[in-house]
Amino acid sequence: MDLALSDEQQLIVDSAVAFLASSSTLAKVRVASETGDGCDRALWQEVAAMGWCGVHLPEDAGGLGLGLVELALLQEQLGRHLACIPFFDSVALAASLLRSLPGSAQTAALLGSLASGEQMLAVAMAQPDADLQWAACASANANANAIPSASASASARAIANGAGWLLSGYWPAVGSAHLADVLLLPAHTALGECLLFAMPADAQGLSLQPLQAVDATRRSANVRATDVQLPATACLARGPALDQAWQRARCLGAIALAAEQVGVAQACLDLTLAYTAQRVQFGKSIAGFQAVKHRCAQMLVALEQARSAVYGAAAVADTEPAAAVLLLHAAQARMEATQAALYCSREAIQLHGGMGFTWEFDPHLFLRRAQLASQRLGPVSWWCEQVAVQLLDEKPLAEAHP
Amino acid sequence: MDLALSDEQQLIVDSAVAFLASSSTLAKVRVASETGDGCDRALWQEVAAMGWCGVHLPEDAGGLGLGLVELALLQEQLGRHLACIPFFDSVALAASLLRSLPGSAQTAALLGSLASGEQMLAVAMAQPDADLQWAACASANANANAIPSASASASARAIANGAGWLLSGYWPAVGSAHLADVLLLPAHTALGECLLFAMPADAQGLSLQPLQAVDATRRSANVRATDVQLPATACLARGPALDQAWQRARCLGAIALAAEQVGVAQACLDLTLAYTAQRVQFGKSIAGFQAVKHRCAQMLVALEQARSAVYGAAAVADTEPAAAVLLLHAAQARMEATQAALYCSREAIQLHGGMGFTWEFDPHLFLRRAQLASQRLGPVSWWCEQVAVQLLDEKPLAEAHP
Amino acid sequence: MNVQETAAEQGFRAEVQAWMAEHLCGEFAALRGAAGLGAPGYDAALAKRWEQQLAVGRWTGLGWPQAHGGRDLPLGQQIVFHEEYVRCGGPGRLGHIGETLLAPTLIAHGTPAQQQRFLPGILAGTSYWAQGYSEPGAGSDLAAVRTRARLDPDSGDWVIDGQKVWTSWAHESDWIFVLARCEPDSVRHKGLVLLLVPLRQCGVSLRPIKQITGGSEFNEVFFDGARTEGSLHLGAPGQGWAVAMYLLGCERGASTLGQQAHFRAELDDVLDVARANGAARDPLLRQRLAQAALGLQTLRDHALRVSGAPGDARAASIAKYAWSNWRRNLGELAMDVLGGACEAGPDDAVCESLQQLWLSSRADTIYAGTNEIQLNLMAERALGMPR
Amino acid sequence: MNVQETAAEQGFRAEVQAWMAEHLCGEFAALRGAAGLGAPGYDAALAKRWEQQLAVGRWTGLGWPQAHGGRDLPLGQQIVFHEEYVRCGGPGRLGHIGETLLAPTLIAHGTPAQQQRFLPGILAGTSYWAQGYSEPGAGSDLAAVRTRARLDPDSGDWVIDGQKVWTSWAHESDWIFVLARCEPDSVRHKGLVLLLVPLRQCGVSLRPIKQITGGSEFNEVFFDGARTEGSLHLGAPGQGWAVAMYLLGCERGASTLGQQAHFRAELDDVLDVARANGAARDPLLRQRLAQAALGLQTLRDHALRVSGAPGDARAASIAKYAWSNWRRNLGELAMDVLGGACEAGPDDAVCESLQQLWLSSRADTIYAGTNEIQLNLMAERALGMPR
């Protein structure tokens, strides 16, 4: 048992570091995010050419046949550079969902074009429903369905008709929706069953409302469908199989997102060390003040702990664990990484002093990413409450480690 | 409008400081708390002789005719010295409850002997019921009865009989119960009505179980009554009048307790400044290390903010405010003072290094008091939830300040 | 100690209310509730006309001595004005630096000629001031002044060369007070002078600093042979540090109560969103919302406890540290209350204003003395710990 | 990277389980689950017999080279042993300082004679060691050594005068390693020697230090002409600092996983109380309990990530800082879970043990390098910031 990187894994990290240092500088990030739609398509092409879009997909699906650990290592470096590509939404989230569905010709086709980078995907995976959560908490009942099923995301309706399905609905704040070629959207039938649809971005009756970009490097849009006609094959999954895949994808996505947050925290520490070393106040480098040193050391602790949690969670995820075990580790990664990213980005601004408050200096770019990421796929409090259900309400879980 | 001390109030503080500096040294506190029952009876006599036991009672009740502000100023200094007398339980809590009840010959008699210091009293005011709290929160209903009534404290039964009342029950963790001459105990009738009884400590059928003293300077005991026969006059109040008085006493007691916590925080800062000034490490006084300086400054902020909150709350309480307004200010005082006392006592131990962990040095005495006080009359989370009900669930409260 | 308003204070409050209702309308309705001076679309010309309107109503110089045109009102009434002004929707005060910081310093340290020349314009809302303390490379270290001032023997003028930074509202101001080094070989706090310098001259140029909020409230100010009259030093040349510090000490007292009334409006926005979007049913957010409300009450109590006691060296740093961290927490809470819906669609003004609160609050613990500087000051000055 | 146990590890775990079930019974049943060495009523003689029992089972020296009588097991199996040992109720290890700190240092820096003399007793559980580093007036400043050592020309012995403090378990130990100054005019890290000194001699006296827990795990140790043989310096005289630091660096790796298994047992106690007393229905406490459980998992992951990488200067300080603050938080959480019922009646063992957890955890962020020292170390050594 160990969580140190293997030589192959270290190689992946080293090559990603070298590649992104030139291909996704913060200067390029500012160009992509301050002008245009926040996507650096040249970068996406290069990334796709290296096979990153299929890093965790099986080789027969066009992927590299590696695991979530390797995906997390890439996500960490992409987060560190705020790379302006929809890697998280398309590769980490959409591909994880598609892979978790029962196999079909449609999912295989989508995975193939996703792995090659030919198509970008987006998933309308809404926030978990807070009311549901706390109701479970107050009644203190073990709530086996505490993880919101796909249905919680769907305020949308699907009606079967002769040509297939007629879809209408509204999905708020869908990550990278404005970039996606295909949108994965859940919707209900009249009987209340939940179905998942693949909708082409150019479908008639589909409209997007881009949101004001708090983090211009990672945008989202409200999605609205009005009587969109889809073929029967557009329905990818339904029922319990969909629910299970949805829960699993949320956990896998959470671990990948946490990896990105580790990268954000690392970047903030790096920026702060560089700035405080050269900034002189009261006749000495401010890096020599104990208050500054202690804050940087606390950033280091948060960062390294988060990194350990993310690597551990990703390694567990690669062992095909039970849903409850996966949830526990996803929650752990989210908690540690969210804390690290928020702490480090806030301190980076504070320790840059007045400069940290200027548009010109970079810390605020990371603060924005850290705040947005802290809410994606549910806030830490939601994840912790799910863990509390396991810890306090249910019979003791078979221990993750024998 | 101002919250600065008047000359008379400053005089009260100055004389309390001078008196306690000699009459309640920490050496004396250790004698009283490490041997015997935790009560310094000589100190009680002196305090009583100065009229402190009736400081906030009207002159016709044998008091000094001052207000909660003056009581809080005394409590602050008593907390700073960890004075081993049941001043909080008897004077701040029991007297506040008795005063809030409809007047009667019995309450007048009790108040008289309390004000003179002749008798010590204790009140079985249990923790608010957490389940009740969070149930209200989850249903998101304005809950007018969110403050637990006296009845929530009473798992005890009272049966009317020819001779008066037959009382049986169990009241856990009653502060200073082992010192009290008279215990104020709530109990239910068979019909569910709540009544308040005054029970002499020597009543037949009454038994006390002293608790292991985490804070040996402020002890409590479990109280059990088995078929105790009381005269009809032992019942002091009942029904809505009791509920209102109970809620009011909880708030007044909370403000007085908060004042004590301010004193605890001040003592911890004083101890820490003295220790760090003389302790040399790495060739200089540790008071010169920025990490130590910043921690002490943060202690100062917490302390001074808490002091402002407590003085403000006490001043408001002296204006006979509506119950909701009093609750708001009591919650504020509790929140700020609990935070200050916990933070300052924890940092005092940390900044004393190894010495802070020895029995011989004093910081742990204050840590113990701070922890116990943080839970008396309900934890801060309970008070905050009551405030949240006002803020979020009810119609906007008429503003405290016009 | 008295938390209840006197009859005089109550009457005064009614007076403020009535006046505000009568005057904050018409063209000024656009200013209603405009808390942040730096908000996008801010109309500075209108804000100056509003200041002049306030002056006509005699709502400026409330605490100034009558000899200088003020009303010399007791502290309680000043508090009432500042609180009620904001409650009635009064916008952020563009004249703040002149009225609250410079004017008391002019009254204490200025010459009669300076007082007669500058106080009336401040009082009338016709003359606006900026503050020239911080320099690049020396943000928190105010004594590391490199801007130079010398007396030109020919003209008798002061000539100023150097640069200031983080100068709020320089682009809307007429004058700036500049801390400069007038003794060439002096170091740190010695040999400084505080000069009153006109901003609209060819020796002065401005560069706005774009902030993380997207706005540009701050500026860099460049002095390249800038001039001011030889008599326009405030206090004696060489003694500028003491005067500059006196000025900073004016940043407390009654006017902070007005700031708190702004905070209350921001908190109310957050509470409204929480009620509307369901965050008010989350027990953790409920705790934080309650804590925010109680913490604001504590800021007020603290101001009421220390405003009357000018000798308390602890008060200013404690108040600055406490309010700035309170508001920074409120900004974080606002974003968490918005939750996943923290990005606004078009026309979602509330969401936008909470985003601005969040971003702008990151500056609160940095400007006017960072958290770290405040903690140093408290440790050294209030607690007597070693430097 | 591998989080799954190998077949060998699984087999080894079963072996540990079986042995523990067979041996942690009879007289040793009283030791079951005795996590805290300093708990009231602790029976040190029994604990030593238990160490000897472990030695018979060959559960000591798991990671030592076989040449020194160890088993040279891979890290994975060591981890398995330490975790499973605690899960099976194994008590705190009185031999920890000798086996985990001194022995690896003897193996790296000792002479063959020293190794042959001392390692067997440590391995067999017949010889116990205390650590003599800290001195009064220099708790965290380990280099401020005033204890003096000189070679007596007549006897050839080292003669030691001075005082050490915070010496754990000196009253139950046979030997102590003492960092002393052997070059009279040297300062700081120079001129030190690390000596191996018998504790049971008339030149050594002990005074127990009463702790805030009520127990006395620590001692003051006084050396007044104490003696040890002239050959019993570990490493060269004058070079003691480097050897002493090597020894401190041994405080990580597999044995920390055992510590974490103890933490898990403490957390389980808190969870049990929460389930029983209704605290488990409080959403705020639920959050903190979940955070504690997840944080413990992170401590484990961190150990698994860095245990194999001896070169990482960051690892030891990060791990110490993280676990000590984790446990201190757990102590506070335990008291809040107890709530108003935090004082025990007679015979309430669980409540008492949570009180002990709370009080004893206050020392975690102080001993073996305070929080402040650890942060200094991380900033200077791991991040390269100025001293």
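First the proteins, then the strands, lettered A, B, ... as listed; each starts at 1.
For A:Glu336, the part lying under 4.5 angstrom from a heavy atom of chain D is the side chain only. In this structure, the portions of A:Ala331 lying under 4.5 Å from any heavy atom of chain D include both its backbone and its side chain. With a 4.5 angstrom heavy-atom cutoff, D:Asn376 touches chain A via backbone and side-chain atoms both. Neither the backbone nor the side chain of D:Gln374 comes within less than 4.5 Å of any heavy atom of chain A. Looking at D:Gln4, both its backbone and its side chain come within 4.5 Å of chain A, counting heavy atoms on both sides. For A:Leu273, the part lying under 4.5 angstrom from a heavy atom of chain D is the side chain only.
Atoms CE and OG1, from D:Met385 and A:Thr272 in turn, are 9.0 Å apart once rounded to the nearest 0.5 Å. Rounding to the nearest 0.5 angstrom, the gap separating the CG atom in A:Asp2 from the CZ atom in D:Arg305 is 11.5 Å. Atom CG in A:Leu300 sits 4.0 Å away from atom CD1 in D:Ile318 (nearest 0.5 Å). Atom CG of residue A:Leu392 and atom CG of residue D:Asp272 lie 10.0 Å apart, to the nearest 0.5 angstrom. In this structure, OG in A:Ser308 is found 11.0 Å from CD in D:Gln297, a value given to the nearest 0.5 Å. Distance CG/D:Leu296 to CD/A:Gln332: 9.5 Å, rounded to 0.5 Å.
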Worked verdict on D:Leu383 versus A:Leu269 for side-chain contact (heavy atoms from CB on, under 4.5 Å): CA-CA 10 Å; D:Leu383 300 178; A:Leu269 178 56; 4.2 Å; yes

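Closest non-hydrogen pair, A:Glu385 versus D:Gln287, comes out as N-NE2, 3.6 Å. Closest approach of A:Ala309 to D:Thr298, counting heavy atoms only: CB-OG1, 3.7 Å. Contact record, A:Leu391 with D:Ala293: CD1-CB, 3.6 Å, taken as the closest heavy-atom pair. Closest heavy-atom contact between A:Gly312 and D:Val3: O-CG1, 4.4 Å.
Against chain D, no residue from residues 253-264 of chain A qualifies, as none has a non-hydrogen atom under 4.5 angstrom away. At a heavy-atom separation below 4.5 angstrom, chain D is approached by A:Gln290, A:Val292, A:Lys293, A:His294, A:Cys296, A:Ala297, A:Gln298 within residues 289-298 of chain A.
Counting non-hydrogen atoms of other residues, nucleotides and ligands closer than 6.0 Å to CD of A:Gln278 gives a total above 12.
Among A:Ala306, A:Ala315, A:Ala314, the residue making the largest number of heavy-atom pairs under 4.5 Å with chain D is A:Ala315. Between chain A and the residues D:Ala274, D:Pro386, D:Ala379, the largest count of heavy-atom pairs under 4.5 Å involves D:Pro386.
A salt bridge links A:Asp393 with D:Arg286: the distance from a Lys NZ or Arg NE/NH1/NH2 to an Asp or Glu carboxylate oxygen falls below 4.0 Å.
Applying the salt bridge (Lys or Arg N to Asp or Glu O under 4.0 Å) test to D:Asp72 and every residue at least two apart in sequence or in another chain returns nothing.
Side-chain contact annotation: A:Gln305 with D:Asp301, donor-acceptor N/O pair under 3.5 Å absent.
Applying the salt bridge (Lys or Arg N to Asp or Glu O under 4.0 Å) definition to pairs two or more places apart or across chains, those involving residues 332-342 of chain D are B:Arg346-D:Glu332, D:Arg288-D:Asp336, D:Glu332-D:Arg362.
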